[in-house]
S.K.: 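I have a structure I would like to understand better, so I am pasting it below and will then ask my questions one at a time.
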Amino acid sequence: MTLTGLDDPALSPQDAVAPLVATSWRMLNDMAGLRAAAGGELSPRELRRLHQDTTGRIRTLVMRGRRDGTFRTDQTVHWQMYCIYAIARAGASLSRPEDPGPIDPTDAIVATVRTVLAAEPAASE
């Protein structure tokens, strides 16, 4: 699975959330499986390195959305990224291959991330 082309700068930040997050949550879920399979053999540094491409692209998208006013700026970028990761992990927990009829949480994850990141509209006077 690759993230190539998913952070297309031609897309608005809100539109770019869908393809980037839809693929990222699956990659993060796969990484969790890898960590479990490694039985704790991977160090925190190695885990960060494995997530580097995914987190870098998410950070770039968050920063772009903050710059153009699409995403909120009253929270730190780190917090917003942590929220995206937590939402993705929660969604991944609903999609387990061993369950009969696993749920694909992609739409719920994307909608929730968009809501979490969205800047509040300016108050009209």
Side-chain angles (χ1 to χ4, degrees):
M1 193 173 296
T2 181
L3 293 173
T4 304
L6 296 178
D7 52 355
D8 183 351
L11 293 175
S12 73
Q14 264 303 4
D15 290 340
V17 165
L20 186 59
V21 172
T23 300
S24 298
W25 82 261
R26 288 185 181 91
M27 292 181 79
L28 292 170
N29 191 41
D30 291 347
M31 293 295 178
L34 176 63
R35 180 174 48 191
E41 295 297 317
L42 297 175
S43 71
R45 174 178 270 173
E46 290 168 313
L47 288 172
R48 280 192 302 276
R49 184 185 57 75
L50 289 171
H51 287 88
Q52 186 173 348
D53 188 42
T54 303
T55 57
R57 289 176 189 267
I58 291 171
R59 180 179 176 77
T60 297
L61 175 61
V62 169
M63 293 299 295
R64 192 162 57 92
R66 290 168 65 99
R67 277 192 305 274
D68 80 358
T70 303
F71 297 158
R72 61 190 306 159
T73 58
D74 61 328
Q75 300 170 335
T76 66
V77 172
H78 179 77
W79 176 252
Q80 289 172 318
M81 290 178 62
Y82 183 82
C83 288
I84 292 168
Y85 182 78
I87 293 163
R89 296 281 300 166
S93 73
L94 295 174
S95 179
R96 302 239 182 244
E98 65 274 7
D99 289 342
I103 299 167
D104 182 355
T106 301
D107 291 340
I109 292 170
V110 169
T112 304
V113 167
R114 282 181 172 155
T115 300
V116 166
L117 293 176
E120 292 185 37
S124 58
E125 297 193 32

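Both backbone and side-chain heavy atoms feed into the values below; hydrogens, waters and symmetry mates do not.
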S.K.: Any link between M63 and Y82 through a network of hydrophobic side chains (Ile, Leu, Val, Met, Phe, Trp, Tyr) touching at under 4.5 Å?
M.R.: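 No, because M63 and Y82 fall into different hydrophobic clusters, even though each may have its own neighbours under 4.5 Å.
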S.K.: Locate the shortest heavy-atom distance separating A22 from V110; write the atom from each residue and the value.
M.R.: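 The pair with the smallest heavy-atom distance is N-CG2, 4.3 Å.
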S.K.: With V21 as reference, evaluate L61, L117, V113, I58 under the side chain to side chain contact (heavy atoms under 4.5 Å, CB included) test and give the passing residue.
M.R.: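 Testing each of L61, L117, V113, I58 against V21, the sole residue satisfying side chain to side chain contact (heavy atoms under 4.5 Å, CB included) is V113.
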S.K.: Taking side-chain hydrogen bond (donor to acceptor under 3.5 Å, both in side chains) as the test, write out the residues that go with T112, two or more places apart.
M.R.: none
S.K.: Roughly how far apart are R64 CZ and F71 CZ, rounded to 0.5 Å?
M.R.: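 So the gap between those two atoms works out to 8.0 Å.
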S.K.: Which atom names give the shortest non-hydrogen contact between C83 and V116, and what distance separates them?
M.R.: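 Smallest heavy-atom distance, with atoms named: CB-CG1, 4.1 Å.
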S.K.: Under the rule for side-chain hydrogen bond (donor to acceptor under 3.5 Å, both in side chains), what residues qualify as partners of R114, not counting sequence neighbours?
M.R.: none
S.K.: Less than 3.5 Å apart, which donor and acceptor atoms pair up between the side chains of residues 10-17 and the rest of the protein, not counting sequence neighbours?
M.R.:
from: S12; atom 1: OG; to: D15; atom 2: N; distance (Å): 3.1
from: S12; atom 1: OG; to: D15; atom 2: OD2; distance (Å): 3.2

S.K.: Any chance you could measure M81, atom CE, to Q75, atom CD, to the nearest 0.5 Å?
M.R.: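 Between atom CE of M81 and atom CD of Q75 there are 14.0 Å.
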S.K.: Indicate the atoms forming the closest heavy-atom contact of A119 with G69, along with that distance.
M.R.: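 Scanning both residues completely, I find the closest heavy atoms to be CB-O, 3.4 Å.
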S.K.: By side chain to side chain contact (heavy atoms under 4.5 Å, CB included), which residues pair with T76, not counting sequence neighbours?
M.R.: H78, W79
S.K.: Under the rule for salt bridge (Lys or Arg N to Asp or Glu O under 4.0 Å), what residues qualify as partners of R72, not counting sequence neighbours?
M.R.: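 Once residues adjacent in sequence are excluded, the partners of R72 under the salt bridge (Lys or Arg N to Asp or Glu O under 4.0 Å) criterion are D74.
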